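On a predicted model such as this, the values are computed, not experimentally measured, just so you know. Side chains included, hydrogens not; waters and symmetry mates left out as well; all remaining heavy atoms used. Letters go in sequence order (proteins before strands), and every chain restarts at 1.
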Amino acid sequence: MFDEIATKIAARIQERVAAQFQSKVKVSIEQPKQNSFGELAIPIAFQLARELKRPPRQIAQELAGEIEHMPEVASLEIAGNGYINVRLARGAYAESILRADGAKSAGSARAEKIIVEHTNINPNKAAHIGHLRNAILGDTFVRMLRRRGNLVEVQNYIDNTGVQVADVVAGFHHLEKYGAAQVRASIADNSKRFDYLCWDLYARVSAYYQDNPEALEWRAETLHAIEAGKGELAELGHLIADAIVQAHLKTMARLGIRYDLLPRESEILHLQFWAAAFELLKQRGAIYFEEQGKNKGCWVMPASAFRESAAGGGEAADDSKVIVRSNGTVTYVGKDIAYQLWKFGLLGKDFFYRIWSREGDGHLVWVTSDTPDSERPPTFGHASRVFNVIDSRQSYLQDVVVAGLRALHFPEQAEASVHFSYEMVALTPRTCVELGIPIPEEDKTRSYIEVSGRKGLGVKADDLIDKLIATALAEVEHRHPEAPPEERRTVAEQIAVGALRYFMLKFTRNSVIAFDLHEALSFEGETGPYVQYTAVRAGNILRKFEERGGKLPIFRDVLNAQALERGFQTENIWQLLLAGSKADSAIERAIGAGEPAHVAKYAFQLAQSFNNFYHEHSVIAEQDAERRTMLLWLTAYVREQLLSILNVLGIEQPPYM
RNA sequence: GGGGGCGUAGCUCAGGUGGAUAGAGCACCUGCCUUCUAAGCAGGUGGCCGCUGGUUCGAGUCCAGCCGCCCCUACCA
């Protein structure tokens, strides 16, 4: 609502600027820092002053007349050296929200498909908090896009044939002496979580390699077997990867995160995706066969393709990226180029698909397959935009992938490939100590410490979620001793998820999160539960009102512009309505900036605004009937906006807190 | 060496395309629960926005040069 009016006013001024001053300067609209300046601030006079060589104040005067009599505008003033400050007509503004209510704008639904790839955890051990940041960021971005009406396909890439899986397979085979039957039994054994078992085993294998470098032969042997798809090692690989993927999806489901398709590396190999991409790359000269130097015998992409500085920089050949190794096997980047081509429908090949799982509400999760299946899949791929949610440490690889597209003469798709990068999640020294993670003396003064999955150090996702639930449950039990235990458990889970998702979202993407357990377990201040609590409060007002014999009217029928105009003269009541009406604006801005954090920030600010209102004004006890109706409407409206924005953040609203 | 990121209150972080008196949470201090739940509200303490220069009506924001920290720079992913 807010954006529409701002745009309308800007357009009017734009016309006048063109007509009167023959200027093409773009009219921008700002929001004043101080509420007392009004709702909109237009700094156009400053820009024109330079062009016209006239005092900005004078120009502002002339332009102000243009919008003075618009019905949306209550008053305006020329402030400072030439700001045009606009005060909106409160009654009219409120009424337009009231009338629009219920007839939600369908959004700019477009046919173009957007693929968002996220999570992408190596299927060889339990998920940790770094993976949570990836999945929550990706999932929230998906929710933002869908809210706005975009068609989005969510993919979770499964690297089931890589080194990390191979290492765990080697661990079971060589260290544990497990065969397929024993691994199956281990997966089925509910007394010890399989993904946790693999977490430890992976650390043991890594340590074993350290002490016995000759054992690295196991890895090569296992990789070879997995790639060939035959023998016991390959079978172990499949068993382990599938079981771990299942565990990951279960972990993510706890946070309301799910997927449309699980593309697997095994199919990229078996269906010859790479062979097709390789042909293209060779044909179009994107890669060449290196005859000399350290990369002799490899197919490489010249550094000039993905690094501007290398173009004229002399010894750049050293920085070339190997795509096919001298032994003929393809690197991860090569496979990723093939996959990226497929996402845009440029490879000329497709996967087969089968259903991985069918969820309670009928949602289907599909997985790629190398043979046709009886179920008919929807059309996957063929996107016009692709967002890859991958941490910033891999930006070099992502650059190479995009350079591959460009070198293949797909500049549009290269442009439409976005590396949605984010910084890592590290631990504060305090948290390391608390978790018994050893840290070197010299690191104790650092603000954060990076943990190593290879060493088995870190915070497992499910452990953190469990801890959050336990903390929330203790509080819920204390506050609501009378409530049924299962219900309290559900409430605690909702609060825990709210806290976790908000925590991962409140930081902007390129800020390293120094994960602190105390901070994460806090439910006060700028947290998810604060916002949830606010929504609960708003709900309580409406519920209590009805419990005490009140009946909520159809607000549209009983409120009119005059009543609203009167009601919204009170400043913080007006500010609350205004804040509530900026939800779409916040989402739009967040998508533009690629920052889910902006949505989180907005949710918090709206909650703050409501809590302020809550303490200043008593709704149910309000004696004046017209005013009470107005306050009830405002409460209902803000509650709706809060729930709607919480939904975008993937946070549920508990019935009570 | 090259590429990328970061540096804002004691701590953790926000600061739309440059705009008015630089914000929030935590921590600390003062008040406020017989009321629609105090997981809350109001107020207070706390800032050479890393440094230096430039661009201009105006710079935390843009440019250049320094200083410091982090990540990447594999025939691992």
Q) With a non-hydrogen cut-off below 4.0 angstrom, is A:Arg589 in contact with a base, only sugar-phosphate, or nothing? A) base
Q: Tell whether A:Asn85 reaches the base of B:A20 with its side chain through a donor-acceptor pair below 3.5 angstrom.
A: yes
Q.
Considering every strand and a 4.0 Å limit on heavy-atom distances, what is the contact class for A:Glu30: base, sugar-phosphate, or nothing?
A. base
**Q.** Nearest-nucleotide pick for A:Ile495, side chain only, options being B:A39, B:A14, B:G5
**A.** B:A39
**Q.** Close side-chain approach of A:Asn124 and A:Ile244, heavy atoms under 4.5 Å
**A.** no
**Q.** Face-to-face stacking of A:Phe46 with B:G58, centres under 5.5 angstrom, angle under 30°
**A.** no
Q.
Judged by each residue's nearest nucleotide on RNA chain B, which is more toward the 5′ side, A:Ile513 or A:Tyr530?
A. A:Ile513
Q) So which nucleotide from B:A39, B:G15, B:A77 ends up closest to the side chain of A:Thr331? A) B:A77
Q) Quick one: the side chain of A:Ser326 and the base of B:C75, do they pair up donor-acceptor inside 3.5 Å? A) yes
**Q.** Watson-Crick or G-U wobble partner of B:U12, both distances under 3.5 Å
**A.** B:A24
(Q) Over all strands shown, is A:Val300 touching base, sugar-phosphate only, or nothing at heavy-atom distances under 4.0 angstrom? (A) nothing
Q: Evaluate whether atom CD of A:Gln653 has more than 12 neighbouring non-hydrogen atoms of other residues, nucleotides or ligands under 6.0 angstrom away.
A: yes
**Q.** Ion pair check, A:Arg589 and A:Glu595, cut-off under 4.0 Å
**A.** no
Q. Contact class for A:Phe604 vs. all strands (heavy atom < 4.0 Å): base, sugar-phosphate, or nothing?
A. sugar-phosphate
Q: Let me know, please, whether A:Ile29 or A:Val512 comes out on the 5' side of the other along RNA chain B by nearest nucleotide.
A: A:Val512
Q: For B:C11 versus B:G46, give the span between their C1' atoms, rounded off to a whole number of Å.
A: 12 Å
Q. Of all the nucleotides listed (B:C72, B:C41, B:C71), which has the minimum atom distance to the side chain of A:Met424?
A. B:C71
Q: Return the nearest nucleotide to the side chain of A:Glu450; candidates are B:C36, B:A20, B:C71.
A: B:C71
Q: Check every strand shown and say whether A:Gln608 touches a base, only sugar-phosphate, or nothing at a heavy-atom separation below 4.0 Å.
A: sugar-phosphate
Q | Over 12 non-hydrogen atoms of neighbours within 6.0 angstrom of NE2 in A:His480 | A | yes
(Q) Using side chain to side chain contact (heavy atoms under 4.5 Å, CB included), reason through A:Phe420 and A:Leu137 one step at a time and then give a plain yes or no. (A) CA-CA 9 Å; A:Phe420 201 83; A:Leu137 218 38; 4.2 Å; yes
Q. Using a cut-off of 4.0 Å on non-hydrogen atoms, how would the nucleic acid contact of A:Tyr448 be classed: base, sugar-phosphate, or nothing?
A. sugar-phosphate
Q: Report which part of the nucleic acid A:Ser618 touches: base, sugar-phosphate, or nothing (heavy-atom distance under 4.0 Å, all strands).
A: base
Q: Send over the distance from A:Asp391 CG to B:C70 C1', rounded to a whole Å.
A: 13 Å
Q.
Under 4.0 Å, heavy atoms only, any strand: does A:Gln164 hit a base, just the sugar-phosphate, or nothing?
A. nothing
(Q) Nearest to the A:Tyr396 side chain among B:A77, B:C70, B:U73, which nucleotide is it? (A) B:U73
Q | A:Tyr502/A:Phe604 aromatic ring centres below 6.0 Å | A | no
**Q.** Assigned glycosidic conformation for B:G25 [threshold 90° from 0]
**A.** anti
Q: For B:G58, give its Watson-Crick or G-U wobble partner with both distances under 3.5 Å, or none.
A: none
Q.
Without decimals, in angstroms, what is the distance between A:Lys506 NZ and B:G23 P?
A. 20 Å
Q: Could you check which of B:U12, B:C36, B:G5 has an atom nearest any side-chain atom of A:Ser447?
A: B:U12
(Q) With rounding to the nearest 0.5 angstrom, report the CD1 to CZ distance, A:Ile59 to A:Arg54. (A) 5.5 Å
Q: Give A:Gln34 one of three labels, base, sugar-phosphate or nothing, depending on what nucleic acid heavy atoms sit under 4.0 Å from its own.
A: base
Q: Check whether the side chains of A:Asn611 and A:Tyr533 place a donor and an acceptor atom closer than 3.5 Å, and report yes or no.
A: no
Q: Write down the partner of B:G53 under the Watson-Crick or G-U wobble criteria, each distance required to be under 3.5 Å.
A: B:C63
Q) If you look at every strand shown and take non-hydrogen atoms under 4.0 Å, does A:Lys296 touch a base, only sugar-phosphate, or nothing? A) base
Q. What is the base-pairing partner of B:C41, counting Watson-Crick and G-U wobble geometry with both distances under 3.5 Å?
A. B:G31
Q. Which one, B:C75, B:A20, B:G40, comes nearest to the side chain of A:Cys298?
A. B:C75
Q: Can you figure out which of B:U37, B:A20, B:C75 approaches the side chain of A:Asn295 most closely?
A: B:C75
(Q) Please tell me if A:Ser320 has a side-chain N or O lying less than 4.0 Å from either OP1 or OP2 of B:C75. (A) no
(Q) Let's see if you can work this out: which of B:G15, B:G25, B:A14 has an atom nearest to the side-chain heavy atoms of A:His598? (A) B:G15
**Q.** Minimum-distance nucleotide (side-chain atoms of A:Asn510 versus B:U37, B:C41, B:G5)
**A.** B:G5
Q. Which is true for A:Arg543 with a 4.0 Å heavy-atom rule: it touches a base, it touches only sugar-phosphate, or it touches nothing?
A. nothing
(Q) Give me the distance, rounded to whole Å, that separates B:C29 from B:C67 when you measure between the P atoms they each carry. (A) 43 Å
(Q) Taking any heavy-atom pair under 4.0 Å as a contact, classify A:Val163: base, sugar-phosphate, or nothing. (A) sugar-phosphate
